[in-house]
Visitor: 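There's a structure below that I have some questions on.
Small disclaimer: the values here were computed from a predicted structure and weren't measured. Proteins come first, then strands; the chains are lettered A, B, ... in the order of their sequence lines, and each starts at number 1.
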2 protein chains.
Amino acid sequence: MKDILEQLKNKGYKLTQPREKVLGILLHNHTALSVQDIHKKIDSVDKASVYRVLNLFEELGLVNIENFNNEKLYCLTRDPHHHIICKKCGYSEEVPCTYEHHDFNNFDNVQHQMTLTGVCNNCNK
Amino acid sequence: MKDILEQLKNKGYKLTQPREKVLGILLHNHTALSVQDIHKKIDSVDKASVYRVLNLFEELGLVNIENFNNEKLYCLTRDPHHHIICKKCGYSEEVPCTYEHHDFNNFDNVQHQMTLTGVCNNCNK
DNA sequence: TTTACTATTGCAAATCATTCGCAATTGTGA
DNA sequence: TCACAATTGCGAATGATTTGCAATAGTAAA
């Protein structure tokens, strides 16, 4: 927590309540969360601000993004990992990232975004 | 083309103009296309129908989906592949899929969806 | 062929995620 | 404590996607 807040400060960003609160939630969750998920946990912060904070975190490379059901899911960039999400109930687990980047002739600064989906055992019964 | 149309017919789906036209466009394109891209190429088909056709194709596993800039991009599931897209100009190239699925204890029917992003040489100058 | 039935479509309205403009607020450094 | 710029909250705007429903068009059977 302190680490990341320091980083922000050093880059000239203010340490505001919305930023600290969103960061707090991301820190305490190991599932990927949507803006709506995060906003529900802190209604003291406006949803537009949640968006702005997350967009900032994205620019700074603090979060990874996955896509599920037409919405973005965010989680902190710790060890590189993805999530596998049940299509039916939304249950999810972390999956370590094993993807190795190749070199691309025509591209620099390559990043990847991956989401695994499946049907969990519960839903499969 | 005929192949896929046969498949649809055999599963009890009607061979309608919207389905054939959308399929036609997907067949003739090797980039991932958004609903809007596809709709522009066939204004004779309503956009809502393009959505419905693509959702059907998705259910049937005929298309792969990638996410870019808050919209879904569709392309036919031929050889497994992804795309790398320039964040700045949208230029994209195909990338063969090298991702190997692991076994998951708690999930079946696992699929993955990956999008690579980067900055292309042109935009990098 | 023609008929009849149902799936599918087009259209317009609704929904939902995300962004934006702007005035009010709040960190921060002096 | 003050002053200024960055950031927020709010509400409105945007854009993608979905939905309800009456009209239309495949399809299978007569």
Visitor: If you find the nucleotide of DNA chain D closest to B/Tyr13 and the one closest to A/Ser44, which residue's nucleotide is nearer the 5' end?
Guide: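 Result: A/Ser44.
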Visitor: Quick check for you: among C/dT26, C/dT9, D/dT8, whose closest atom lies nearest to any side-chain atom of A/Val53?
Guide: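 Shortest atom-to-atom distance from the side chain points to D/dT8.
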Visitor: Can you tell which of D/dG20, D/dT27, D/dT7 lies closest to the side chain of A/Lys14?
Guide: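 Of all the options, the side chain of A/Lys14 is nearest to D/dT7.
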Visitor: Whole-Å distance between C/dG10 P and B/Lys21 NZ?
Guide: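 Whole-Å distance recorded here is 9 Å.
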Visitor: Nearest heavy atom decides the nucleotide; on that basis, is B/Ala48 or B/Asn70 closer to the 5' end of DNA chain C?
Guide: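 Per heavy-atom nearest nucleotide, the more 5' residue is B/Ala48.
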Visitor: Is any side-chain heavy atom of B/Asp103 closer than 4.5 Å to a side-chain heavy atom of B/Val110?
Guide: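 Not in contact.
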Visitor: Rounded off to whole Å, could you give me the CG-to-C1' distance for the B/Leu73 and D/dT17 pair?
Guide: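 So the two atoms are 14 Å apart, to the nearest Å.
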Visitor: Using a cut-off of strictly less than 4.0 Å, decide whether B/Thr16 has a side-chain nitrogen or oxygen near OP1 or OP2 of C/dT9.
Guide: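 For C/dT9, OP1/OP2 do have a side-chain N/O of B/Thr16 under 4.0 Å.
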Visitor: What is the distance, to the nearest angstrom, from the CG atom on A/Asp46 to the P atom on D/dT7?
Guide: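 Between P of D/dT7 and CG of A/Asp46: 16 Å.
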Visitor: Return the value, rounded to whole Å, for the distance between atom NZ of A/Lys72 and atom P of D/dT17.
Guide: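 Result: 13 Å.
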Visitor: Let me see the working for B/Asn106 and A/Cys120 under side-chain contact (heavy atoms from CB on, under 4.5 Å), right down to the final yes or no.
Guide: CA-CA 6 Å; B/Asn106 299 324; A/Cys120 77; 5.5 Å; no
Visitor: What's the spacing between B/His82 NE2 and B/Ser92 OG if we round to 0.5 Å?
Guide: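 It is 13.5 Å, given to the nearest 0.5 Å.
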Visitor: Have a look at A/Arg19 and say if it touches a base, only the backbone sugar-phosphate, or nothing, with a 4.0 Å heavy-atom cut-off.
Guide: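 A/Arg19: backbone/sugar contact only, no base atoms under 4.0 Å.
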Visitor: Could you tell me the separation between the CG atom of B/Asn69 and the P atom of D/dT14, rounded to a whole number of Å?
Guide: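 Whole-Å distance recorded here is 18 Å.
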Visitor: For the side chain of A/Tyr51, starting at C-beta, report the closest nucleotide among C/dG10, C/dA17, D/dC10.
Guide: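 Side chain of A/Tyr51 sits closest to C/dA17.
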Visitor: Taking atom NZ of A/Lys87 as the centre, does the number of heavy atoms from other residues, nucleotides or ligands within less than 6.0 Å exceed 12?
Guide: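 Enclosed: over 12 neighbouring heavy atoms sit under 6.0 Å from NZ of A/Lys87.
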Visitor: Under a single-linkage definition using a 4.5 Å side-chain heavy-atom cutoff for Ile, Leu, Val, Met, Phe, Trp and Tyr, are B/Leu33 and B/Ile4 assigned to the same hydrophobic cluster?
Guide: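 Yes, because B/Leu33 and B/Ile4 connect within a single hydrophobic cluster, where side-chain heavy atoms sit under 4.5 Å apart.
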Visitor: Using the six-membered ring wherever Trp is involved, compare the ring planes of B/Tyr91 and A/Phe107 and label them parallel, tilted or perpendicular (cut-offs 30° and 60°).
Guide: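 It falls in the parallel class, under 30°.
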Visitor: Side chain of A/Arg52: nearest nucleotide among C/dA17, D/dT8, D/dG20?
Guide: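 From the listed options, D/dT8 comes nearest.
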Visitor: In whole Å, I'd like the distance from the NZ atom of B/Lys40 to the P atom of D/dG15.
Guide: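 My rounded result for the distance is 12 Å.
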Visitor: As a test of reading the structure: which of C/dC11, D/dG9, D/dA16 is closest to the side chain of B/Glu71, going by heavy atoms?
Guide: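 Taking heavy atoms from C-beta onward, the closest nucleotide is D/dA16.
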Visitor: Under 4.0 Å from OP1 or OP2 of D/dT18: is there any side-chain N or O of B/Asn55 that close?
Guide: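 Yes, B/Asn55 has a side-chain N/O under 4.0 Å of OP1/OP2 on D/dT18.
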Visitor: Please state how far atom CG in B/Leu54 lies from atom C1' in C/dT8, giving the value in whole angstrom units.
Guide: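 Roughly 15 Å, once rounded to whole Å.
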Visitor: Which nucleotide wins on minimum distance to the side chain of B/Gln36, given the candidates D/dT17, C/dC11, D/dT8?
Guide: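 The listed nucleotide nearest to B/Gln36's side chain is D/dT17.
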Visitor: In whole Å, what is the span from the CG atom of B/Leu56 to the P atom of D/dT17?
Guide: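 Atom CG in B/Leu56 sits about 17 Å away from atom P in D/dT17.
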Visitor: Can you figure out which of D/dG9, C/dT18, C/dC11 approaches the side chain of A/Val35 most closely?
Guide: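 Out of D/dG9, C/dT18, C/dC11, the nucleotide with an atom closest to A/Val35's side chain is C/dT18.
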Visitor: Return the nearest nucleotide to the side chain of B/Ser49; candidates are D/dG9, D/dT18, C/dG10.
Guide: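 Looking only at heavy atoms from C-beta outward on B/Ser49, the closest nucleotide is C/dG10.
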